[in-house]
Amino acid sequence: MANKITVQKGTKDILPADIDSWHFLEETANRVFTASAFSEIRTPIFEATELFARGVGDTTDIVNKEMYTFEKSERSLTLRPENTAGVVRSYIENGMHRLPAPVKLWYKGPMFRYERPQAGRQRQFHQVGVEMFGISQPQGDVEIISLAVNYLKAIGLKDLDVEINTLGCPKCREEYKTKLKEVLKPYLNDLCEDCQRRYEKNPLRLLDCKVEDCKSIYEKPEVKEVITSDFVCPECHEHFEKVKEYLNLLDIKYTVNKLLVRGLDYYNRTVFEIKSNNLGSQNAVCGGGRYDSLVKNLGGEDTPAVGFAMGMERLISLLPEQKHKKTDAYVVSDNVNEAIKLVNYLRNVGISTDYDMTCKKFTKQLEKASKVANYAVILGEDEIKQGKVSVKNLINSVQVLVNRDELGNIIERF
RNA sequence: GCGGAUGUCGUCAAGUGGUUAAGACCUCGGAUUGUGGUUCCGAUAUACAUGGGUUCGAAUCCCAUUAUCCGCCCCA
C-alpha cells in the first residue's frame with residue numbers, strides 16, 4: 001500500500017456528522033447580522049503580505065512569527081491570519097466611503113496562523129465577524145458589542161462574561177505608557193523574561209501576565225495606582241462613560257477589566273472580549289474593539305471603525321451535540337423501474353429521498369431505510385396495482401396507504 | 001519556540017517479554033419465502049505510530065523520530 005497522506009498539523013476535516021452545527025452558526029449569523037442591517041462580504045483568502053504587516057502591526061506575534069507567507073511571481077503573499085485588514089483593504093479599494101454611512105459588513109471563513117495547536121487553537125480555524133465603518137460615536141461601540149451578545153444569545157450560549165476596557169487615544173496612551181514604565185523601572189530585573197520583553201515592546205501587555213512574581217509586583221500600591229488610574233483624556237473618558245451607559249440601557253452585563261489589552265496594534269479606545277468558563281485555557285470566544293486609525297493607515301480616508309471576530313470552533317465546542325439529520329424518505333421496492341420514477345418524483349417535490357441501487361431483498365431495503373431515513377416509502381406489487389404507495393413512519397411503525405400526490409403532506413406531518 | 005502526557009482494526013478497548021494479539025460497536029455479506037431497528041452465522045484477505053537497539057524471543061524494555069492531546073506564550 002502507498003503511504004497514507006494525512007491532514008496537516010493543526011487542520012481538521014469538517015465531517016458530515018458535524019456539519020449541522022456549522023450550518024447552524026452560519027445561518028444564525030446571516031439572520032442576526034442582517035437584522036442589524038449588516039451585509040455579508042467575502043474577501044480573498046490570501047492578500048499581499050504588506051497588508052498584514054501594516055494592518056495588524058509588525059510588533060504582534062501574529063505578524064512576526066505566525067503568518068503563512070509564500071512567494072509567487074515575485075510577490076510576497078500571505079494566507080490571512082485575520083480578516084479585518086482584508087475587509088478594510090476592500091472597503092478602501094472599492095470606494096465604500098462613498099456609500100451611505102455607516103458601512104456595515106460581516107464575514108465568515110477560514111483564517112491561518114502558524115501556532116502550536118492545542119485545545120481551541122488550530123492553524124486553520126474559522127471566524128465569523130463584523131466591521132462597521134464611519135461611526136465615531138459611542139453608539140457604534142455599543143452597536144457592535146450588543147450585536148455580539150445578541151448573536152451568542154441566538155446560538156444559545158450562556159455563562160459568558162463580557163469584559164470591556166478603554167485604551168484611550170494614541171495621545172493619552174503614550175502618556176500612560178511612559179508613566180507605567182517609570183513606576184516599573186525599579187522592578188525591571190524582577191520581572192519574568194516575557195515581561196521584560198514586553199516592557200520595551202508593548203508595555204500595555206505587561207499587565208495580563210500570569211507569572212506570580214510579576215503579579216505581585218503589579219499588586220504593589222504605587223504600581224497599582226498607575227494601573228488603575230484613569231489615565232485617559234477627557235474626550236476618551238467621556239466616550240467610555242457613554243459606552244457603559246448605553247450597555248446599561250440594554251441590560252448587557254459587563255465588567256471593566258483594566259488589564260484587558262488586545263494583541264493587535266490597531267485598536268484604540270474601546271476594546272472588549274467575551275469569555276466562557278467552559279473552554280479551558282483558550283477561553284475567549286469573541287474579541288473586538290475600535291480601530292479609528294486603521295483605514296487611514298492603509299491608505300484610505302480617515303474613517304472611524306469598530307468590529308469583532310469570533311472563533312467558530314470555540315463556539316461549536318460550547319454548543320450541545322447535534323444529531324445529524326436523516327434523509328426524509330427511503331424508497332423500498334422490488335420494482336426498479338417504478339422505484340426510480342418514484343424517487344425522482346419525491347426529490348422534485350422537495351422531499352430528501354434515497355433508495356437501494358443494488359436491488360437487495362425487501363427486508364434488507366427496509367433495514368437500510370430504518371438506519372438512514374425517517375420514513376420508508378413502500379412500493380410493492382400490491383401498491384403498484386392499486387396505483388398507491390405505503391408510507392411507514394420508522395420511528396413509531398405506523399403505516400398508511402396513500403396516493404402519490406399526497407406524499408408531500410403525509411411526510412411533513414405524519 | 002519551551003514544558004508534560006499519550007499513540008493496539010473505521011471507533012472504543014484487553015493485553016506489561018514467549019504458541020494463530022481478546023472483546024465490543026460500526027460496516028459489508030448471509031439465514032428468517034413483502035415489513036425494519038431483536039436474534040443467529042460469516043467477512044473485513046499480514047491492526048500493535050515510524051526507524052533503530054537490547055533479547056533465544058518484544059505490542060510489551062531502551063533510544064530517536066513523528067503525530068495527537070494538554071499547558072506556557074499568543075489569540076478567536
Using whole Å, report how far NZ of A:K364 lies from C1' of B:U32. 11 Å

Does A:F33 have its ring centroid less than 6.0 Å away from the ring centroid of A:W106? yes

Counting the atoms with a prime plus P, OP1 and OP2 as sugar-phosphate, which does A:K275 contact under 4.0 Å by heavy atoms, base, sugar-phosphate, or nothing? nothing

Which nucleotide in the set B:G71, B:U35, B:C75 lies at the smallest distance from any side-chain heavy atom of A:Q118? B:G71

For a quick check, tell me whether the side chain of A:Q365 and the base of B:U35 share a donor-acceptor pair closer than 3.5 Å. no

Closest to the A:T363 side chain, choosing from B:G36, B:A76, B:C74: B:G36

If I take atom CD in residue A:E367 and atom P in nucleotide B:G37, what distance separates them, rounded to the nearest angstrom? 6 Å

Expressed as a whole number of angstroms, how long is the span from A:E313:CD to B:C75:P? 18 Å

The side chain of A:K392 is closest to which nucleotide in this list: B:G36, B:C70, B:A76? B:G36

For A:E273 and B:C74, what is the distance between atoms CD and C1' respectively, to the nearest whole Å? 11 Å

Ignoring hydrogens and geometry beyond distance, is the side chain of A:R121 in donor-acceptor contact with the base of B:C69 at under 3.5 Å? no

Distance in angstrom units between A:L366 CG and B:G36 P, rounded: 7 Å

